[in-house]
Q: 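Got a structure here, written out as structure tokens. Questions coming.
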Amino acid sequence: KAGVTQTPRYLIKTRGQQVTLSCSPISGHRSVSWYQQTPGQGLQFLFEYFSETQRNKGNFPGRFSGRQFSNSRSEMNVSTLELGDSALYLCASRQTGGRGYTFGSGTRLTVV
Amino acid sequence: DQQVKQNSPSLSVQEGRISILNCDYTNSMFDYFLWYKKYPAEGPTFLISISSIKDKNEDGRFTVFLNKSAKHLSLHIVPSQPGDSAVYFCAASAGRGSTLGRLYFGRGTQLTVWP
């Protein structure tokens with residue numbers, strides 16, 4: 001059974017640009033969450049999607065957005081990139097009714 | 001507001017000995033707790049979990065203990081092996097309410113197991 005797949009693995013962007021990250025959950029998992037990991041703040045929750053609806057959102061500015069498609073794949077978008085957005089972005093999926101999350105390998109975003 | 005805390009940023013243990021990683025939480029709505037292991041530039045890997053209706057869960061070398069009255073949980077690794085060296089994250093979630101589906105993480109503990 002394939003795990004959670006995130007693309008791309010690495011990304012370098014310039015301040016002011018925007019970026020889109022992609023996540024394919026485990027087959028059959030309809031819930032997808034996104035987290036940001038930075039050395040200073042640890043793992044911070046961004047948002048969760050279930051059946052194409054955002055169910056929960058963390059404390060991030062509106063520049064961070066996401067969506068989920070009918071096949072449960074998800075994307076997150078960051079507009080007007082800032083240096084502080086440099087981080088490892090992690091996607092996780094879980095089964096409906098399950099409590100455990102499986103994480104992808106992440107996308108390492110560097111903003112220069 | 002750090003609702004899950006891992007107060008020891010690092011732990012060093014000799015191979016074969018027991019590793020004990022600790023975690024405290026403040027939110028009484030949390031009813032499910034997980035431990036993840038993480039290597040640099042990779043995603044967290046699930047290790048073991050425990051529901052609040054239990055006080056212990058065991059899986060091979062890994063045992064998690066939950067003390068609800070103290071809002072404290074711990075992960076025991078016995079015996080510790082060099083391959084266990086990684087950052088360990090404690091996470092918690094609430095089964096209902098506005099934060100359903102969200103994991104709250106501690107800052108992690110770097111475990112080093114030396115030969």
Q: Any chance NZ of K5(B) has more than 12 other-residue heavy atoms, nucleotides or ligands included, within less than 6.0 Å?
A: no
Q: If you take all heavy atoms of L103(B) and Y35(A), which pair is closest and at what distance?
A: N-OH, 2.9 Å
Q: Would you please test F45(A) and F105(B) for ring-ring contact (aromatic ring centres under 6.0 Å, His included) and show each step?
A: CA-CA 9 Å; F45(A) 173 79; F105(B) 282 90; 9.9 Å; no
Q: Residue by residue, scan residues 69-93 of chain A and write down, ordered by number, those that have a heavy-atom distance under 4.5 Å to chain B; if none do, write 'none'.
A: L88(A), L90(A)
Q: Does anything in residues 8-21 of chain A reach chain B? List residues with heavy atoms under 4.5 Å apart, or say none.
A: R9(A)
Q: Does atom CZ (R17(B)) have a neighbourhood of more than 12 heavy atoms from anything else shown, all under 6.0 Å?
A: no
Q: So T102(A) and F46(B), side-chain contact (heavy atoms from CB on, under 4.5 Å) or not? Walk me through it.
A: CA-CA 7 Å; T102(A) 302; F46(B) 171 76; over 6 Å; no
Q: Determine, stepwise, if the pair R55(A) / R102(B) fulfils side-chain contact (heavy atoms from CB on, under 4.5 Å).
A: CA-CA 10 Å; R55(A) 290 208 299 196; R102(B) 172 178 178 170; over 6 Å; no
Q: Do F89(B) and L46(A) share a hydrophobic cluster, counting only Ile, Leu, Val, Met, Phe, Trp and Tyr and linking them when any side-chain heavy atoms are less than 4.5 Å apart?
A: no
Q: If we only count heavy atoms from C-beta on, is the Q44(A) to Y104(B) side-chain gap below 4.5 Å?
A: no
Q: Answer yes if the side chains of R99(A) and S93(B) hold a donor-acceptor pair under 3.5 Å, and no otherwise.
A: yes
Q: F65(B), L34(B): one ILVMFWY side-chain cluster at the under-4.5 Å cut-off?
A: no
Q: Check whether F47(A) and L43(A) end up in the same hydrophobic cluster, where Ile, Leu, Val, Met, Phe, Trp and Tyr are linked by side-chain heavy atoms less than 4.5 Å apart.
A: no
Q: Given that the side chain runs from C-beta out, which part of Y36(B) has a heavy atom under 4.5 Å from chain A: side chain, backbone, both or neither?
A: side chain
Q: Hydrophobic clusters here meaning ILVMFWY residues chained together by side-chain heavy-atom distances under 4.5 Å, can you tell me if V32(A) and I26(A) are in one?
A: no
Q: Can you see which heavy atom on R107(B) is nearest to which on Q41(A), and at what distance?
A: NE-O, 3.7 Å
Q: Can you tell which part of S33(A) gets under 4.5 Å to a heavy atom of chain B, answering side chain, backbone, both or neither?
A: side chain
Q: Quick one: of K57(A), Q37(A), Q6(A), who has the most non-hydrogen atom pairs under 4.5 Å with chain B?
A: Q37(A)
Q: Does F62(B) belong to the same Ile/Leu/Val/Met/Phe/Trp/Tyr cluster as W35(B), with side-chain heavy atoms less than 4.5 Å apart forming each link?
A: yes
Q: What's the separation between atom CZ in F103(A) and atom CD in E42(B), rounded to the nearest 0.5 Å?
A: 14.0 Å
